[in-house]
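These notes are about the structure you will find just below.
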Amino acid sequence: MATNVAAMKARLGNTTYFILSMKAQELADKVKIPRELEEWEDMSIEERYQRDLNYNRVKNQIAPYFANNESRFFGAIIVAAMNFDEENAFEPLSEVVTRKMPNMYSVPAANMGFLTFSGGEVLIPLDGQHRLKAIQFAVSGRDEKGGEIADISDPCVELADEDVTVILIAYEREKARSIFTHVNLHAKKPTTGENIVTNDDDIFAVLAREVTNKLIGGRLVKFKSNTLTRRDPEFTTLSIVYNCNQEIIKGNFPRKIEKTKLPSRQECALYRRKVREVWELLLERIDVFADALSDGKRTGDEKRQEIRDKNLLGKPVTQECLVRAFVRLTNPPTNFLMGDACDQLNRLPWTIANENLQLWDRVLWTGGTDGKIITKNRNLTTDIIAYLTGEKLNEEQKAELLEDYRNLFPEGERDNKQLPIMPTA
């Protein structure tokens, strides 16, 4: 059955393309994911790798956003149309309107008009196949295997009738492959920090920005990268603040929290108060934090660089481990007062000096005073910090921690290793 849609005709390089809108369900129904095509088996390994779907990403991230967010919005889907009569499918407005148009309208009218689909076209996504599959998941509430999607409480049937912008080109295999490659492989993906800056649906991201702007200071939190170099003037990174907020909220409110939809206003207020309370205390009562932030202007940059060079708490990963340990110390079963937890954490030997590094060897730090942080051991580092500062553990938990600690060392040394102890003053 033939259908007509309003469209604009345009040209870039040697490619003619059309800009139109289609109902979300109609588009999702018309599009064939490359794996569903007969020629899938004949595609090169590069093509198959580039065009395979990440279903976990679709059902855990994109589909819940479409289903749960009334402000949902996304960019144009680029498709290549097989069995598409490019020469005769488009009828410009200038040929449809019988009345003579003024000259100022006649030129644009030649590129505005109607596109006819005969019914036999097959649309192949060049950019947007994950969004297209997410439309199907969001409308049905079911994944590719027919199973329910945990983060979609009700199918979003209204999405089916909403409008999606489409950029359409006639299918030519080599050109389609080239466009796909350049659109996808050469697109710059945002960093974790850049995603946090722009995400208004994730409460952890929203509160990370608030902590940054209101408590730490915007210029002291790096967001374009997840690490700090030796000469960076910042105190920490936005991704670390985000991670800390997750630990603070999840440690104090053991309930499932979605990242694709903000909690209720009351819950947001509750989380905001707790996050602010913890950060305000830590930034004031953890000695190294307070020292690093005592001068938030450029005149304090050199001090922050020196602290990062000489103290483990100047390193973002260590900051995250400290916050995680703090949350555990101040919650059951240990239940320290928050000020007492800070006092205990201040007692640990954080200075990067030979006499201190044995405690952190292979756990958090490798090498001598010119060594580096071991980023992969965040969980064990948090365990060790909490243990040293007084976390209440039963005998089984202590044995598990000792085993994890011993496994850091060569097999011949493990039996002689015992858990580190808090150094005496």
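This one's a predicted model, so the numbers in the text were calculated from it and none came from an experiment. Atoms considered below: every heavy atom in the structure, side chains included; atoms not considered: hydrogens, waters and symmetry mates.
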So do E162 and K23 actually touch side chain to side chain, heavy atoms under 4.5 Å?
no
Nearest-0.5 Å distance that lies between atom CD1 in I374 and atom CG in L364
7.0 Å
Residues E277, K274: salt bridge by 4.0 Å N-O rule
yes
Looking at D383 and R328, does any basic side-chain N land under 4.0 Å from a carboxylate oxygen?
yes
Can you label the angle between the Y55 ring and the F137 ring as parallel, tilted or perpendicular, going by 30° and 60°?
parallel
When you look at N60 and D151, which way does the side chain to side chain donor-acceptor pair (under 3.5 Å) test go after all the steps?
CA-CA 7 Å; N60 294 332; D151 290 333; over 6 Å; no
Would you call T192 and Y242 a side-chain contact if the rule is heavy atoms closer than 4.5 Å?
no
So, E302 side chain and T299 main chain: donor-acceptor pair closer than 3.5 Å or not?
no
Flag, side chain of E86 to backbone of A170, donor-acceptor distance under 3.5 Å
no
Evaluate the side chain to side chain donor-acceptor pair (under 3.5 Å) criterion for residues D287 and W350: first the C-alpha distance (whole Å), next the side-chain angles of each, then the deciding distance (0.1 Å), finally the verdict.
CA-CA 11 Å; D287 294 339; W350 299 111; over 6 Å; no
Identify which one of D291, L281, L313 satisfies the side-chain contact (heavy atoms from CB on, under 4.5 Å) criterion when paired with I286.
L313
Point-to-point distance, once rounded to the nearest 0.5 Å, from CZ of R304 to CG of D295
6.5 Å
For the atom pair CG (L168) and OG1 (T16), what is the distance rounded to the nearest 0.5 Å?
11.5 Å
Report yes or no: is the cationic atom of K392 (NZ for Lys, CZ for Arg) under 6.0 Å from the centre of the six-membered ring of Y387, at an angle within 45° of the ring normal?
no
Starting at CD of Q319, measure out to CZ of R324 and round the result to the nearest 0.5 Å.
14.0 Å
Between atom CZ of F204 and atom CD of E247, what is the distance when rounded to the nearest 0.5 Å?
9.0 Å
When rounded to the nearest 0.5 angstrom, what is the spacing between CZ in R209 and CG in N245?
11.0 Å
Is any side-chain heavy atom of F73 closer than 4.5 Å to a side-chain heavy atom of F66?
no
Pair R255 + E267: basic N to acidic O under 4.0 Å
yes
Is there a donor-acceptor pair under 3.5 Å between the side chain of D163 and the backbone N or O of M22?
no
With ring centroids as reference points, do F90 and F18 lie under 6.0 angstrom apart?
yes
Quick one: are the ring centres of F253 and Y271 less than 6.0 Å apart?
yes
